[in-house]
Colleague: 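I have a structure I would like to understand better, so I am pasting it below and will then ask my questions one at a time.
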Amino acid sequence: MDIKKIVSEMTLEEKASLCSGQTAWETKIVERLGVPSIFVADGPHGLRKQKAHSDHLGLHESVPATCFPTACATASSFDEDLIAEMGKAIAAECIAEDVSILLGPGTNIKRSPLCGRNFEYFSEDPYLSGKMSVAHINGVQKTGVGTSLKHYVANEQETLRMTISSEVDERTLREIYLAPFEEAVKEAKPTTIMCSYNKVNGVFASENEYLLTDILRNEWGFDGFVVSDWGAVNDRVDGLAAGLELEMPTSRGVNDAIIVEAVKSGKLDETVLDKAVERILNITFKTVVTAEQKEKYPLDLNKNDEIARRIAGQCIVLLKNEDSILPISKDKKVAFIGEFFERPRFQGGGSSNINPFKVTPAKELIGIFDNASYTKGFLIDDDDTDSKLLSDAVKHASENDVCVIFAGLPDRYESEGYDRTHMNLPANQIELIVEVAKTQPNTVVVLHNGSPIEMPWICNVKSVVEAYLGGQAAGAAVMDVLSGAVNPSGKLAETFPLRLQDNPSHLNFPGERDKVEYREGVFVGYRYYDKKEMPVLFPFGHGLSYTNFTYSDISVDKSDALDTDTINVSVKVKNTGKVAGKEIVQLYISSKMETVVRPIKELKGFKKISLSPGEEKTVLFTLGKRSFAFYDADRKEWRLDGGTYGILVGASSQDIRLCQDISVNPTVPIVRPITLNSTVMELMQDPKGAALIEKYKGSAPLENDGADNLSPKEEMFVAVLKEMPIRSLGMFSGMYITQEMLDKELG
Ligand code: BGC
């Protein structure tokens with residue numbers, strides 16, 4: 001296909017027309033040149049194809065499809081193969097419906113637990129988010145269906161999402177918010193990127209040349225096209241010039257005419273338009289659904305339901321399990337309480353809302369226990385306690401061996417389009433948990449929620465199962481875990497703080513007027529709680545199993561490495577319990593140098609392994625420069641300080657089982673030029689600078705005199721002096737150093 005030739009044969013009007021949609025979901029056709037239209041649809045955790053009335057908030061009906069677990073759940077699986085399998089299964093549904101591009105995954109960072117859309121995002125950690133995105137994209141794109149990695153970038157809240165400016169410093173942007181996009185673009189090559197609604201540092205993401213062209217294309221080598229989030233275009237011509245190729249949905253011709261006019265008036269260079277059209281056509285021709293795809297990836301909804309159930313089971317996180325109360329044996333008398341038992345909440349509201357072809361509430365599987373019964377306990381659609389429902393539930397709980405309360409957040413609490421204002425469960429559910437636990441010591445709470453909640457009742461209950469929003473088969477998956485048919489193996493992809501106020505973004509979320517300042521910098525999630533040594537309810541990476549794992553024999557193949565080296569780490573992990581299980585082995589790097597303030601540790605590797613009882617496996621990790629580096633905003637590059645780093649391997653961010661130090665050094669040492677505004681200390685640390693001081697110091701009391709010989713007052717004087725700029729040295733010590741002297745002596 002000679003795309004350049006097709007573009008060269010197009011009229012200006014035809015080219016402009018291709019830069020916006022025909023409808024809410026379709027691109028335009030140029031019939032005379034054989035340019036087809038493609039259909040794009042949400043995403044990310046299932047297909048939302050609207051045929052009749054369309055909207056991007058999930059208000060109108062879409063075709064029945066499989067609703068897979070949402071990203072908050074799938075990230076907890078830490079299982080790349082599983083997510084790729086899900087991607088492939090969703091893609092088969094796209095192919096059956098002639099959908100060329102699935103809008104997702106969303107890889108924004110969970111900056112605050114309040115973000116209404118956290119359920120659609122993976123993690124507070126950029127490494128994990130990046131890896132999950134790669135898996136999802138690879139799974140979908142393997143079938144020939146395209147993806148749209150979203151929302152690029154710094155879109156971490158719903159409040160004023162279409163106008164707010166996210167103010168983020170360069171290092172934070174690179175290390176936390178851009179990093180998952182960078183990983184996915186480089187490793188998985190998504191066909192399209194969806195720019196976000198918001199501004200980034202004052203410039204709309206839809207017309208931000210630095211983000212769309214300098215970083216995305218020039219630095220990372222992105223070769224697909226950028227599509228606007230639905231309605232994100234501010235100035236169409238500025239957007240096109242900055243690197244936004246496709247506007248969605250349709251602008252009904254208005255912006256096409258503006259583009260034509262801009263080219264005619266010389267405001268927009270026609271070659272920019274040509275390039276944009278070329279990029280759009282490139283992907284269009286690649287992703288048109290074909291008969292071969294339909295044959296190779298046939299639709300099988302029932303199989304997808306089974307996959308959805310299996311995935312949901314792998315995502316569930318067992319947060320607490322005192323006295324090994326779970327799993328519940330078949331013959332126990334079990335009281336199930338809570339309306340979610342019959343009406344599960346398994347997905348979030350908004351554009352990702354799928355019309356599931358089937359839903360399996362946990363109640364349908366009540367028969368797996370010999371002696372189980374159900375009472376409602378509370379109403380999902382009401383926050384107030386219904387005293388009759390409550391007293392029935394308390395009585396019911398007290399008459400059984402075990403009570404399992406299905407609690408969670410109602411739809412109205414969290415959704416695309418608005419943020420939460422607190423982290424509590426509805427008051428009626430809290431009261432129910434507390435009252436039931438008073439009479440029934442064996443109380444288990446199962447949670448359906450898209451983001452962390454506070455658990456003031458945690459000490460009253462024996463077990464907590466975090467089921468997140470686990471898709472249409474979530475109810476069945478929970479029953480699999482409660483009964484022990486599935487051994488839980490998920491781990492938290494986000495920290496559960498004790499209280500909302502502890503969260504690092506608390507004072508700066510959702511911002512003031514039209515700005516939200518990301519003032520916590522790189523200290524998002526566990527990076528913050530670790531550094532502040534703050535207790536949390538459940539740490540990042542935490543999750544229990546029905547078996548136990550021991551870690552041993554860490555081995556690192558180099559003790560002294562350069563930043564160009566590949567470092568191999570291996571550890572042994574053994575299942576020492578009685579049942580088969582899966583463990584998520586996590587590797588963190590801790591930097592012991594502080595030329596810039598750094599987190600105590602950062603996730604740089606993870607592996608999910610499956611072990612039979614008594615089985616041991618060796619787990620391998622590979623580390624490279626980026627595992628140790630930080631983004632140096634002054635030099636505009638990733639670099640590392642030479643010195644000692646800790647390699648920490650463990651079962652969670654707060655359960656480190658093994659560690660080993662390694663020395664890593666930059667191939668080219670970074671030398672900061674010494675000027676008259678450098679400190680005296682910096683001069684003293686440079687060997688040539690120390691010699692220069694020695695040469696000119698005369699009788700000035702500096703460190704070279706030997707601290708032992710100094711009086712306490714002189715010691716204070718020297719301490720003050722060391723922090724001064726070299727230019728002030730003369731005034732205080734009589735030692736006049738000029739720029740000429742620095743140039744001459746330091747070379
Ligand atoms: C959302 C996107 C979604 C689009 C189309 C927007 O409101 O932010 O994530 O893909 O609508 O439905």
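In this text, all values refer to a predicted model and were calculated from it rather than measured experimentally. Computation of the quantities below employed the complete heavy-atom set of this structure, encompassing side-chain atoms and omitting hydrogens, waters and symmetry-equivalent molecules. Start at 1 and go down the list; that is how both ligands and their atoms are numbered. The chain is numbered in sequence order, starting from 1.
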Colleague: Report the residues that fulfil ring-ring contact (aromatic ring centres under 6.0 Å, His included) with Phe540, sequence neighbours left out, ordered by chain and then residue number.
Modeller: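 Only Tyr526 meet the ring-ring contact (aromatic ring centres under 6.0 Å, His included) criterion with Phe540.
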Colleague: Assess whether a salt bridge exists between Asp42 and Lys150, defined as any Lys/Arg side-chain N lying under 4.0 Å from an Asp/Glu carboxylate O.
Modeller: yes
Colleague: By number and element, which atoms of ligand 1 are closer than 4.0 Å to a non-hydrogen atom of Lys150?
Modeller: 2 (C), 3 (C), 9 (O), 10 (O)
Colleague: Can a non-hydrogen atom of Glu120 be found less than 4.0 Å from any atom of ligand 1?
Modeller: no
Colleague: Suppose we screen for side-chain contact (heavy atoms from CB on, under 4.5 Å). Which residues come up paired with Glu520, at least two apart in sequence or across chains?
Modeller: Arg111, Tyr177, Pro504, Ser505, Tyr518, Val524
Colleague: Considering the heavy atoms of Ser351, write down every atom of ligand 1 situated less than 4.0 Å from one of them.
Modeller: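 Selected atoms, number and element: 1 (C), 2 (C), 3 (C), 9 (O), 11 (O), 12 (O).
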Colleague: Which atoms of ligand 1 have any heavy atom of Leu103 under 4.0 Å away?
Modeller: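 What qualifies from ligand 1 is 10 (O).
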Colleague: Assess the side chains of Asn118 and Glu414: does a donor N or O sit below 3.5 Å from an acceptor N or O?
Modeller: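 Side chains of Asn118 and Glu414: no pair found under 3.5 Å.
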Colleague: Run the numbers for me: atoms of ligand 1, each under 4.0 Å from some heavy atom of Arg48, listed by number.
Modeller: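 This gives 12 (O) as the contact atoms.
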Colleague: Do you know which two heavy atoms are closest between Val317 and Tyr468, and how far apart they sit?
Modeller: CG2-CE1, 4.4 Å
Colleague: From atom 9 (O) of ligand 1, work out which of Glu416, Arg117, Met194 has a heavy atom at the shortest distance.
Modeller: Arg117
Colleague: Any N/O of Trp230 closer than 3.5 Å to an N/O of ligand 1?
Modeller: no
Colleague: Under 4.0 Å from any heavy atom of Trp25, which atoms of ligand 1 are there?
Modeller: 5 (C), 12 (O)
Colleague: Could you tell me whether Asp98 and Lys49 make a salt bridge, using a distance below 4.0 angstrom between a side-chain N and a carboxylate O?
Modeller: no
Colleague: At less than 4.0 angstrom from any non-hydrogen atom of Arg161, what atoms of ligand 1 do you find?
Modeller: 7 (O), 8 (O)
Colleague: His136 vs Phe68, test: ring-ring contact (aromatic ring centres under 6.0 Å, His included). Steps then yes/no.
Modeller: CA-CA 12 Å; His136 185 115; Phe68 288 90; 9.7 Å; no
